[in-house]
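Starting from 1, each residue takes its place in the sequence as its number. Counting starts at 1 for both ligands and their atoms, in listed order.
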Amino acid sequence: MKTFYSDAHLRHDPPEEFEMGRLHPAVEIPLRAERVKASIIQRDLGPVMAPEEFGDEPILRVHDSDLVTFLGEAHDHWREKYGDDAPAAIPSAWPARGLKERRSGHIESRLGTFAFDTATPIVKGTWAAARAGANVALSAAQAIRSGDRAAFALTRPPGHHASADVFGGYCYLNNIAIAAQWLADQGMKPAILDVDYHHGNGTQCLFYDRPDVFFTSIHADPAVAFPHFLGFADETGEGMGEGKTLNIPLPEGTEWPAYEEGLFHALAAIKKFGPDVLLVSLGLDTYEADPISRFRLKQNDYFRMGAIIEDAKLPTLFTFEGGYNIDAIGTITANVLQGFQDT
Ligand SMILES: [Zn+2]
């Protein structure tokens, strides 16, 4: 299968993120995608190709123009305010419920308006990387639309936590949603399967009231895990989208047998929806040695994951999401793609 990749992702290199009361070295770093690219080349899984430019229109089908404008200028505004020795824009105040909200053009007001956490810094190259990531996802969608059986969008930064007008969770633009919307606009019927450890809250919100796009996610129970506020089993869609969202939260410590059961459950629901294209938010932070997550999948389990996804017999677009074990990320990502391809 073709892999789409842009080296513009290297420009998004935040030094730190603020979590658990202190600054930590960032875990969503350029080396992640570089390791994955190296493994794909080493295993000879197919060509690695540069994306095409799709312009702003497909992004604006998913995201509010206010968010897109903000992301494009946020870092400049931050530096004007705080100078070059403050490399990363991180919010410190939000328009809390119960207080009468006013919004100004000040960078702090705008950061608090558009960001939902403190772990998603905006550095000088963030917008260039996010923008290229959308093109990577769209190029993979175009390959699928042209008849490819599968494609891998090696997107970085990831996307599944970003919603129409909110960014967070290391995500700025929702790559998989942009690809799914583009495919829907071409007359296709997409289903999205999110296998990242964390619930795809952004993707869920974007399609929650939509009858034409199915969303299912297998993830750590949000009662104990990020993103904390969405991803519970009783969220099933609303209005015209009722029944078109399926959440499968699993407890911390989940190993392959229970995970596989969840995967079969998700794929049965996808089959019932009857899509003609499958998009997979491929997060690899379900790995047993992931530094920020608590599932216990082993390296060989990822071959099986790829084979089970292949068994849906649909044109399949994988987008890269989370996964933070630098030593294993290349191997386990390639295991999924090889498991799919060799089946
Ligand atoms: Zn994740």
Does any N, O or S atom in H160 come within less than 2.8 Å of the Zn ion (ligand 1)?
no

Taking backbone and side chain together, does D285 place any N/O/S atom at a distance below 2.8 Å from the Zn ion (ligand 1)?
yes

Check the angle between the aromatic planes of F318 and F340 and answer parallel, tilted or perpendicular using the 30° and 60° thresholds.
perpendicular

Among the N, O or S atoms of H198, the one nearest the Zn ion (ligand 1):
ND1

Minimum-distance N/O/S atom that D196 presents toward the Zn ion (ligand 1)
OD1

Under 6.0 Å from the ring centre and within 45 degrees of the ring axis: does the NZ or CZ of K272 meet both conditions for the six-membered ring of F214?
no

List the residues meeting salt bridge (Lys or Arg N to Asp or Glu O under 4.0 Å) with K124, not counting sequence neighbours, and say none if there are none.
none

Quick note, side-chain hydrogen bond (donor to acceptor under 3.5 Å, both in side chains) partners involving residues 222-238, not counting sequence neighbours, are Q204-E235, E235-N247, T236-E242

